[in-house]
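Structure first, commentary second.
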Amino acid sequence: MTAAGPDGPGTAEPGGGGPGRRAIVVLAGTAGLAFLADLSTKHLALATLDDRDPVRLLGGTVYLTLTRNSGAAFSLGADHTWVFSLITIAVVGWIGWMALRLRSVPWGLSLGLVLGGAFGNLADRIFRAPGPFVGHVVDMVSLFDPYGRVWPVFNLADSALVCGVALAVVLELTGRQRDGTRLGADGPAAAGSPQETTDAPRSGETPPTEGRRESTDVELGERA
């Protein structure tokens, strides 16, 4: 007997897995890897880049330079660091709510990148100087200029956030929904599911009701 899954009979897989479980595993795994990678690169930057000149890489395309940012990109909102902490907490809560109906692995990857990046910068704002919820974020990558005059200095958490949001935009534009369905011309449909066409008359065929109506008209004409 086939066990019934959360989306109906026949959807459960051996071992209790399913689309929802896979998506959650991808979300959690991606978030964990992004967070650990961000934490490791920040620790390495603090250990090797403090009190030294920027390191030039790829012919000046990339520079490694240690900065501590109390605001957002381009140091916006530097005097209101606590606001960014609250926004990040709200984003984390929103992703947790979205995970309740998550059935799409690509969406799990997208939300995992956003969640890992959000946790990476939130950890800085909570645990780093000068104090809880007003801590400065550690940044270390600058493009085309050693001091962030072309593009703001960023870290791996920022990169994960940008990639996650970009993937979410692509998924939305292609009609992929978080519950595993995909929007098409006829509305939502499960990805890869066949369309219902058995009840539609084939090309050149007369609908059954019209055939019965014509037979009745002939019989009435003969009786008259």
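Residue numbers count from 1 along this sequence. Values in this document were obtained by computation on a predicted structure and should not be read as measured data.
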Measure the [atom1]-[atom2] distance between [X] and [Y] for me, rounded to the nearest 0.5 Å.
X: L49; Y: L44; atom1: CG; atom2: CG; result: 7.0 Å
X: R176; Y: S110; atom1: CZ; atom2: OG; result: 12.5 Å
X: F133; Y: F84; atom1: CZ; atom2: CZ; result: 15.0 Å
X: R22; Y: L102; atom1: CZ; atom2: CG; result: 11.5 Å
X: R125; Y: L86; atom1: CZ; atom2: CG; result: 11.0 Å
X: N69; Y: T67; atom1: CG; atom2: OG1; result: 6.5 Å

Quick one, Y63 with V55, criterion side-chain contact (heavy atoms from CB on, under 4.5 Å). Give me CA distance, side-chain angles, the key distance, then yes/no.
CA-CA 5 Å; Y63 289 87; V55 179; over 6 Å; no
Would [X] end up clustered with [Y] when hydrophobic side chains under 4.5 Å apart are linked, directly or stepwise?
X: V170; Y: W107; answer: no
X: Y147; Y: F144; answer: no
X: L111; Y: L36; answer: yes
X: V162; Y: V153; answer: no
X: V137; Y: I87; answer: no

Do L122 and F35 have side chains that approach each other closer than 4.5 Å (heavy atoms only, starting at C-beta)?
no
Please examine the side chains of P130 and V134, heavy atoms only from C-beta on, and report whether any two atoms are closer than 4.5 Å.
yes
Run the salt-bridge test on R103 and D179 with the 4.0 Å N-O cut-off and return the result as yes or no.
no
Under 4.0 Å between a Lys/Arg side-chain N and an Asp/Glu carboxylate O for D124 and K42?
yes
Could you pull out the closest heavy-atom pair between [X] and [Y], with the gap in Å?
X: V26; Y: G108; value: CG1-C, 3.9 Å
X: L27; Y: A99; value: CD1-CB, 4.4 Å
X: A23; Y: S104; value: CB-O, 3.5 Å
X: A34; Y: L156; value: O-CD2, 3.9 Å
X: S159; Y: F154; value: OG-CE1, 3.4 Å
X: T65; Y: S142; value: CG2-CB, 4.0 Å

With sequence neighbours left out, which residue pairs that include part of residues 47-62 fulfil the salt bridge (charged side-chain N to carboxylate O under 4.0 Å, His left out) condition?
none
Report yes or no: do N121 and N155 form a side-chain donor-acceptor pair below 3.5 Å?
yes
Any donor-acceptor N/O pair, T181 side chain to Q177 backbone, under 3.5 Å:
no
Just do the side-chain contact (heavy atoms from CB on, under 4.5 Å) check on L113 and L161 with the steps written out, would you?
CA-CA 6 Å; L113 287 170; L161 282 165; over 6 Å; no
Identify the residue among L58, V62, V150 that makes a side-chain contact (heavy atoms from CB on, under 4.5 Å) with L143.
V62
Please test D139 against R68 for side-chain contact (heavy atoms from CB on, under 4.5 Å), starting from the C-alpha separation and ending with a verdict.
CA-CA 6 Å; D139 294 326; R68 292 173 174 82; over 6 Å; no
